[in-house]
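To start, the structure under review is shown below, and the notes come after it.
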2 protein chains.
Amino acid sequence: MRLTSKGRYAVMALVDLARFDNITPVSLRDISLRQGISLDFLEQIFSKLRKKEIVQSIRGTQGGYILNRKAKEIKLTNIFDAVDEKVKTVQCKKESKKGCNGKTTKCLTHNLWDELESHINNFFEEKSLEDLVKDNAERRV
Amino acid sequence: MRLTSKGRYAVMALVDLARFDNITPVSLRDISLRQGISLDFLEQIFSKLRKKEIVQSIRGTQGGYILNRKAKEIKLTNIFDAVDEKVKTVQCKKESKKGCNGKTTKCLTHNLWDELESHINNFFEEKSLEDLVKDNAERRV
DNA sequence: GTGAAACTTGACTATTTTAGTCAGGTATAT
DNA sequence: ATATACCTGACTAAAATAGTCAAGTTTCAC
Ligand code: FES
Ligand code: FES
């Protein structure tokens, strides 16, 4: 059970971005240098974040990205959703009434994994980008 | 963020096993047939469970496996640990003071992932095999 | 208006992980 | 004896991951 780099980097980059005034755009090159993330990879990630209206892009020289909503209103769950980092614990299709391994009924553990999934998603729904920035500022003192 | 089959099957097989009297051994072939899991794969999994003393093996005809401890005393965390299904959220090495991406300090999100890891592990520490068997019996009524 | 900075898009690929398979054992109840 | 069932380690196909690469377009600064 691992977290992928895409989700990890998306959050890392957004925390970096959220530390600024949210008026002057921040370039991906800067984030790339500061956080040690490949620029090309960041571009992939921000393309998705923009499509889900989490960030706004400003083109041209001196361009970059700014947040499209208040940091308080961006939850971890929104970020993860945007970059297709999803929690997947069950093997079967959720909607289907069939179980895993081609069974006609849900397996012995289906309910357990479902519970686990909710447990994890709760965590993601509670945390906002603002929380993360604050946590970080405090730790620095 | 996905759960692997190894962990999923380990729990599934143990729930199956725990439903019996714990005196007569249950063969992997039976579990394989009932749960639709490859026999060879199950053998791999049970080898690890045996090494961690979660199950006991009985060889020969009419042989099989029984639990080595009470179902109440087997937590999900023990099972996952036995089959090397581990929750890995951070990218860096935990003990090291260095961060991910070769940084000399922990990254902006390190603490967040650490928190997430604890959150998930809590879930695993609370649930016992007995809970799972009970849950299942109830649902069947 | 021209160059450079920075966003935009989509295809491509090496590496790693997963989810098993396969081939050979050994022990024991009947 | 022999069939059943555990035991072990090596091997592999397929999928997912973590990027790279190439070819743009837009806009600011000068
Ligand atoms: S996980 Fe849903 S049926 Fe097995
Ligand atoms: S996750 Fe530990 S330093 Fe980034």
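So you know, we letter chains A, B, ... as the sequences are listed, proteins then strands, and number each from 1.
- The B:Glu43 side chain lies nearest to D:dT8 when the options are D:dA29, D:dT8, D:dA5.
- For the OP1/OP2 pair of C:dT9 and a distance below 4.0 Å, the side-chain nitrogens and oxygens of A:Arg50 include at least one atom meeting the criterion.
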Start with the C-alpha distance between B:Asp16 and B:Arg34, add both sets of side-chain angles, then the distance that settles salt bridge (charged side-chain N to carboxylate O under 4.0 Å, His left out), and finish with yes or no.
-> CA-CA 9 Å; B:Asp16 185 332; B:Arg34 271 197 299 265; 2.9 Å; yes
Which is it for B:Asp135 and A:Leu112 under the side chain to side chain contact (heavy atoms under 4.5 Å, CB included) test, yes or no, and what are the steps along the way?
-> CA-CA 9 Å; B:Asp135 267 19; A:Leu112 171 69; over 6 Å; no
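- Remark: B:Glu126 does not engage B:Lys75 in a salt bridge, criterion side-chain N to carboxylate O under 4.0 Å.
- Atom CD1 in B:Ile37 sits about 12 Å away from atom C1' in C:dG20, given to the nearest Å.
- Below 30°, between 30° and 60°, or above 60°: for B:His119 and A:His119 the angle between ring planes is below 30°, a parallel geometry.
- Between the NZ atom of A:Lys88 and the P atom of D:dT17 there is a distance of 11 Å, given to the nearest Å.
- Judged by distance alone with a 3.5 Å cut-off, a donor-acceptor contact links the side chain of B:Gln44 to the base of C:dT21.
- Taking atom CG of residue A:Leu49 and atom P of nucleotide C:dC7, one finds them 13 Å apart after rounding to whole Å.
- With C:dC7, C:dT21, C:dG3 as the candidates, the nucleotide lying closest to the side chain of B:Ser38 is C:dT21.
- When each of B:Val26 and B:Met1 is assigned the nucleotide of DNA chain D with its nearest heavy atom, B:Val26 is the one assigned upstream, toward the 5' end.
- The CG atom of A:Asp40 sits 15 Å away from the C1' atom of C:dA14 (whole-angstrom rounding).
- Within the 4.0 Å cut-off from OP1 or OP2 of C:dC7, not a single side-chain nitrogen or oxygen of A:Ser47 is found.
- Here the P atom of nucleotide C:dA6 and the CD1 atom of A:Ile66 are 16 Å apart, to the nearest Å.
- For B:Ser57, no side-chain nitrogen or oxygen approaches OP1 or OP2 of D:dC6 to under 4.0 Å.
- Under 4.0 angstrom from either OP1 or OP2 of D:dC6 there lies no side-chain N or O belonging to B:Ser27.
- The side chain of A:Lys51 lies closest to C:dT9 when the candidates are D:dC6, D:dT26, C:dT9.
- Atom NZ of B:Lys88 is surrounded by more than 12 heavy atoms from other residues, nucleotides or ligands within 6.0 Å.
- The side chain of B:Ser5 places an N or O atom within less than 4.0 Å of a non-bridging phosphate oxygen (OP1 or OP2) of C:dA19.
- The interatomic distance linking B:Ile58 (CD1) with D:dC6 (C1') rounds to 11 Å, in whole Å.
- Neither OP1 nor OP2 of C:dA6 sits under 4.0 Å from any side-chain N or O of A:Arg59.
- Between B:Asp30 and B:Gln91, the residue anchored closer to the 5' end of DNA chain D is B:Asp30, taking for each the nucleotide with the nearest heavy atom.
- With C:dA29, D:dT17, C:dC7 as the choices, the nucleotide that has an atom nearest any side-chain atom of B:Gln62 turns out to be C:dA29.
- In this structure, A:Arg8 does not reach the D:dG19 phosphate: none of its side-chain N or O atoms is under 4.0 Å from OP1 or OP2.
- Closest-nucleotide positions on DNA chain C for B:Arg2 and A:Leu28 were compared, and the one nearer the 5' end corresponds to A:Leu28.
- The separation between B:Leu3 atom CG and C:dT18 atom C1' is 12 Å, rounded to whole Å.
- Salt-bridge check for B:Lys127 with A:Glu115: passed, with a basic side-chain N closer than 4.0 Å to an acidic carboxylate O.
- B:Tyr65 comes within 4.0 angstrom of the backbone, heavy atoms only, and of no base.
- Distance CG (B:Leu42) to P (C:dT21): 11 Å, rounded to an integer number of Å.
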